[in-house]
**Q** 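Below are the structure tokens for one structure; questions will follow.
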Amino acid sequence: MAVFYQGIKEGLLLIMSLDRELIQITLLSLQVSFSALIIAAILGIPLGSVLALKRIPGRKIFLNIIYTLMGLPPVLAGLIVFLFLSNRGPLGQLQLLFTPAAMVIAQVCLALPIVCGLTARAVMAQPQEVYDTAAMLGATRRQAAWTIIKESSLGIVAALTTALGRLMAEVGAVMMVGGNIAGKTRVLTTSIVLETRMGNDSRAIAIGMILLLIAFLTMLIILKLEKRTFKDGGTIQVI
Amino acid sequence: MAVFYQGIKEGLLLIMSLDRELIQITLLSLQVSFSALIIAAILGIPLGSVLALKRIPGRKIFLNIIYTLMGLPPVLAGLIVFLFLSNRGPLGQLQLLFTPAAMVIAQVCLALPIVCGLTARAVMAQPQEVYDTAAMLGATRRQAAWTIIKESSLGIVAALTTALGRLMAEVGAVMMVGGNIAGKTRVLTTSIVLETRMGNDSRAIAIGMILLLIAFLTMLIILKLEKRTFKDGGTIQVI
Amino acid sequence: MAALFRLYNVTKRYRSREVLNIRKMEVNKGRIYTILGPNGAGKTTLLRVMSLLTVNDSGRIEVFGEEVSWNKSQLVRLRRHMAMVTQTSFMFKGSVYYNVAYGLKVRKRPEPEQRKIVKECLELMGMSDFADYPAQKLSGGERQKVAIARALAVKPAVLFLDEPTSSLEPNSAMDIEHYIKFINSQYNTTVIMVTHNLFQARRLAEEIFFLWDGKIIEHGSCEDLFTRARDERTRAFLQGNF
Amino acid sequence: MAALFRLYNVTKRYRSREVLNIRKMEVNKGRIYTILGPNGAGKTTLLRVMSLLTVNDSGRIEVFGEEVSWNKSQLVRLRRHMAMVTQTSFMFKGSVYYNVAYGLKVRKRPEPEQRKIVKECLELMGMSDFADYPAQKLSGGERQKVAIARALAVKPAVLFLDEPTSSLEPNSAMDIEHYIKFINSQYNTTVIMVTHNLFQARRLAEEIFFLWDGKIIEHGSCEDLFTRARDERTRAFLQGNF
Amino acid sequence: TGSDQGSAAEQTIKLATTTSTEDSGLLDVLLPEFKKDTGYDVEVIAVGTGAAIGLGEKGDVDVILVHSRTAEDQFVADGFGVNRKDVMYNDFLIIGPEDDPAGIKGENDAVAALTAISETESTFLSRGDDSGTHKKEKQLWETAGITPEGEWYVSVGKGMGDTFRMANEMNGYTLIDRGTFLFNRDKYELEAMVEGDELLFNPYGVIAVNKEKHPNVNFEGATAFIEWLTSKKAQDMIAEYGKDEFGQALFVPNVE
Ligand SMILES: Nc1ncnc2c1ncn2[C@@H]1O[C@H](COP(=O)(O)OP(=O)(O)OP(=O)(O)O)[C@@H](O)[C@H]1O
Ligand SMILES: Nc1ncnc2c1ncn2[C@@H]1O[C@H](COP(=O)(O)OP(=O)(O)OP(=O)(O)O)[C@@H](O)[C@H]1O
Ligand SMILES: [Mg+2]
Ligand SMILES: [Mg+2]
């Protein structure tokens, strides 16, 4: 177990040393995952709500496909985006392969189904009265949908944190389309893989600790913001 | 893009050929992921509810840690479980490394925070009245908690499907502790990685298609069961 | 007089149960109607169908002279002339102010106007102190008052009220009755109200529909119904006076 | 006579607002009490504190002669002698049967007994046809009836009723009043009821507490209060009769 | 029954090796034959050389087959491994795009080729993962007296197959083992530029994990595997492997 202590110690040292390369890797990780999350949120929250609310034909099958894609293997997502962006692929002209942009695209593919599927579920769990009240007060469908989204905020925040967790943790997609290029597309997870491949277990653990620490701080911030926004969305009191 | 058609064609051929090895790999995938999911559910649903309902000291921090661990990188989980199960590790005696059992353990580490965190959120989103009504009708805390869990069923199913998606898709953990041994610990995702590494893109896509197909069928079954159990948990009608 | 609502052979079923079956019903502008009937008779369902929140299974509905085709833009256009206080007085997350301003916000009224109207309506309901209170934490009666304020804020041409004073203290209930009469005479607002309070019905209603098992079994002026109801069931119901 | 409930200097605040401040209150076994007061006076809060659903901020509460220490096993033990019909009549997901049987299930009564009791209670409320109906789809009044059946099913020693007939048709309301009197005389059940219906209060109550702004400003027998209330606010309130 | 399971475990050995060995398909040919001859099942865990040696150090596998002479010697010197044997070698080549911006096609001298690449600042992909291949590459740069750095020098931290794929996309040069190259040649467009230099020689060694350090390892099985792998039969199979498919052998048997 010495390797754990070693890993934690090394992690602390790494953090305190403010290692240039590590900072750069960490910032890139955050940048890629948050960009992907924001894009996925912008697309996924409305899409999820529409799927939850609109009686369009094939809606159930479509929802089911979304739920399925929540389990899209990152490697597969990476491979498919790779083939699109590859020189020979339809988007080869853009020259995006092995850039952070490509990593964002691949991660959007992973996050979108999660944001969309969990948003749909949160919206569907709302009581009918939300819609009725909005409609009765003269809201258009769009306005009513927006109101329902606001009422589902707790569930949607859960969707976003779940997606963020997935993005920060995954390695298959960013590895494939980013290429894990030192100083350019290397992120925390690909570093961990590299270190384990090299047999540097304690360094892998150290980087993992940093990743988790960042995730922890991010969650803290999200929960604080959430609390501030939805002050009275308190929890059940058990007496 | 030929590789996609090729991949889909190859996938269909693979399925129809009832390839012995593929069937075995598929079954192992299902077996590992479902075992992990069931264990995670048995531990995670009660734990999540307790965290949502009990005013224990440090509860918020603990919840935050759980949310953070929802983003535990599979490689890191794999590495940690690996170190525990390794010959030199504290559980080395059990000789579990590179067996399906080890893969289940590592996947439980990934699924548990997801099940636990999303369950906690689903439970916390319930109205106070659920608890009040149960308590007022004489329920003990345990009985009331169980009632709240039942009322949160929609959210808990979402938690389970999210976790299942994660498990079926991840490769880092099973690769690390399973070792991707042909005929013993090779599963669908590790096969995909192997095939991409070997440059067999269309075969990788074929296996990916099979994985998604299975996930799709699983979701269908889950949703059918859910519908049957919670018939009147319908969704919002928009007029 | 122009008929605001016309229903012909309107039915609604839940599962295999027919909960509404209206042969013919007309509502005219500027009057106060009361719908009476036992629990589960279909009163709320009728209000929901009239306010276009529930689609009828068969039959024809005309609102403001237009046949209802349930298309999106028509629905919003027609609904913008209505408001309803529902039986449960559901409150959105957020403050009392937000709830009362909601109908004005979706109509994109200018902010200062919103503030003014919300202030007026809350004052009218004696709820001015609660503007910043989280609406979901209100007591049952307070919530009902806010729901009324919320409906009044949009100055509807037709006001649907589903047991609007059921949780109110007597004095507030009386105030609201006075106010209903006031807006009816002042703005010619049509009021369609469900109530179990027979005294209230008697004090307010110009016309009464009596609903039984989804059907209108009696319809007439308030006086007629209370003094010489034709249907035996109506008479029995009205005898349980209190 | 044994005091079932004793409250001394019990207060409850939400944020900085004190919504309850009871100097002294005693409730005796076998009587019917009514709590009156304007909206937001703290009636529901008082019931919640007495039924141990809300923890008071200060003061002392004795239930069945025991001081309430809020420990888990005591709470369940005491609560098993009580039942409440809440203002909102919340229904669990599932059938009407499931909801009414709930209190018996948690008490682990044998299945056949459960069936028998549920059947009786539903019959009493005229809701027998609805046993298999999804409870959350019921109409407002039906829901309230089921909530009453659900509370009665556990045969409580103390029955809390928070505006239990607010959504009921007059006849059902009368039936329930009769039934409350019946169980009170037959089983010596103590009844503590909040109502805004002054007639109802007058018909049922043996004693009345009048709550104003969280404080009991008047307490006495029904007759006393209605004929010679000391407090001016009480008199004003009771004049809004209807 | 219990005893059956016990003997089944005895009949299994765990082999940690590099991804290049597994990906070349050689083991798919050798292992069934090994089982036929000795009855042992071999479970293959394919990781980087560093990680493979790590698995040996922890006693999580019974035998390792890797290619990094210095690390192997260290492994034996530290007492983790015994009975090291040479098995075979293959060689590395430098591959690159058809238009050959560094003009090294046909060059015999690996060091000169790398010098040309660095001088023309042509894109070069390095495994960057401390693998046997990466170590070899570093050694070559050292010999050339060059510290590679700059935009053109791309350190990817990936396995060989993936690096090949990336180099193909980026039209860059890279150092690759012949097995992986031949195996993937049809899929990608890069061509062999430099081959045949003595410096590009890549020997594989097989080492049993020391029973003294890790009593639980299947030392007998490991010994049997080493013996079989260095036997005439296996050596001949290695010499033949690839001739049918690629027209040339992927590995050269190496037992003195
Ligand atoms: N959970 C809460 N958070 C904040 N304020 C609350 C909460 N519950 C009740 N209040 C406030 O406390 C006051 C008393 O509430 P309570 O529900 O006891 O009133 P009530 O007498 O039952 O009124 P009503 O007749 O309208 O039911 C009200 O003003 C209400 O807004
Ligand atoms: N969404 C629904 N699904 C199934 N049944 C429903 C639904 N809504 C109403 N019902 C049933 O239809 C009948 C009529 O309901 P409605 O709410 O119109 O009654 P109501 O006359 O308003 O009764 P109350 O006086 O109790 O409010 C009731 O028996 C109710 O159970
Ligand atoms: Mg109704
Ligand atoms: Mg109340």
Side-chain angles (χ1 to χ4, degrees), chain A residues 1 3-4 52-55 64-65 67-68 70-76 79-80 83 89-90 114 118 121 123-126 128 130-131 135 141 144 148 154-155 158 161-162 164-166 168-169 171-172 176 189 192-193 196 201 204-205 208 211-212 215-216 219-220 223 235-239, chain B residues 1 3-4 52-55 64-65 67-68 70-76 79-80 83 89-90 114 118 121 123-126 128 130-131 135 141 144 148 154-155 158 161-162 164-166 168-169 171-172 176 189 192-193 196 201 204-205 208 211-212 215-216 219-220 223 235-239:
Chain A
M1 290 294 83
V3 70
F4 284 113
L53 296 175
K54 261 212 164 162
R55 239 112 290 244
N64 212 327
I65 291 174
Y67 294 148
T68 304
M70 283 170 67
L72 181 66
V75 223
L76 188 62
L79 179 60
I80 292 170
L83 292 173
I114 297 178
L118 290 183
R121 276 187 171 279
V123 167
M124 288 195 291
Q126 289 298 311
Q128 178 68 32
V130 185
Y131 175 77
R141 278 188 207 195
I148 297 175
L154 265 178
T161 51
T162 306
L164 183 64
R166 178 70 177 274
M168 300 273 290
V171 63
M176 179 71 85
T189 50
I192 295 176
V193 169
T196 57
D201 294 348
I205 291 178
L211 177 58
L212 287 179
F216 183 77
M219 290 296 153
L220 263 188
L223 293 185
T235 105
I236 295 192
Q237 294 231 2
V238 174
I239 289 156
Chain B
M1 292 294 85
V3 70
F4 284 114
L53 296 175
K54 261 210 165 162
R55 239 111 289 246
N64 212 328
I65 291 174
Y67 295 148
T68 304
M70 283 170 66
L72 180 66
V75 223
L76 188 62
L79 178 59
I80 291 170
L83 291 173
I114 297 178
L118 291 182
R121 275 185 172 279
V123 168
M124 287 195 291
Q126 290 298 310
Q128 178 68 33
V130 184
Y131 175 77
R141 278 188 204 196
I148 297 173
L154 264 177
T161 51
T162 307
L164 183 64
R166 178 71 179 274
M168 299 272 291
V171 63
M176 180 76 81
T189 50
I192 296 176
V193 170
T196 56
D201 293 351
I205 291 179
L211 176 57
L212 288 178
F216 183 77
M219 288 298 152
L220 264 188
L223 293 184
T235 104
I236 296 191
Q237 294 230 2
V238 173
I239 290 156

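Given the structure is predicted, the values throughout are model-derived calculations rather than measurements. Lettering follows sequence order; numbering is per chain, from 1.
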**Q** Nearest 0.5 Å, what's the OG1-CZ distance between B:T162 and A:R121?
**A** 7.5 Å
**Q** Could you check which of A:P74, A:P73, A:G155 has the highest count of heavy-atom pairs closer than 4.5 Å to chain B?
**A** A:P73
**Q** Highest number of heavy-atom pairs under 4.5 Å with chain A: which of B:L79, B:I192, B:V75, B:T189?
**A** B:L79
**Q** Between B:L220 and chain A, which part of the residue has a heavy atom less than 4.5 Å away: side chain, backbone, both or neither?
**A** both
**Q** Distance from B:T161 atom OG1 to A:N64 atom CG, nearest 0.5 Å?
**A** 10.0 Å
**Q** Grab the two heavy atoms, one from B:A169 and one from A:G71, that are nearest each other, plus how far apart they are.
**A** CB-O, 3.3 Å
**Q** Which of these, B:T196, B:V193, B:L211, B:L212, sits in a side chain to side chain contact (heavy atoms under 4.5 Å, CB included) with A:L76?
**A** B:L212
**Q** Measuring from A:L164:CG to B:M70:CE, what's the distance to the nearest 0.5 Å?
**A** 10.0 Å
**Q** Mind checking what makes salt bridge (charged side-chain N to carboxylate O under 4.0 Å, His left out) contact with B:R166, not counting sequence neighbours?
**A** none
**Q** For B:A144, which residues count as a side-chain contact (heavy atoms from CB on, under 4.5 Å) partner, sequence neighbours excluded?
**A** B:Y131, B:A134, B:A139
**Q** With a 4.5 angstrom heavy-atom cut-off, which part of B:I65 approaches chain A: side chain, backbone, both or neither?
**A** both
**Q** Which bit of A:L72 is near chain B, if near means a heavy-atom gap under 4.5 Å: side chain, backbone, both or neither?
**A** both
**Q** Which bit of B:I205 is near chain A, if near means a heavy-atom gap under 4.5 Å: side chain, backbone, both or neither?
**A** both
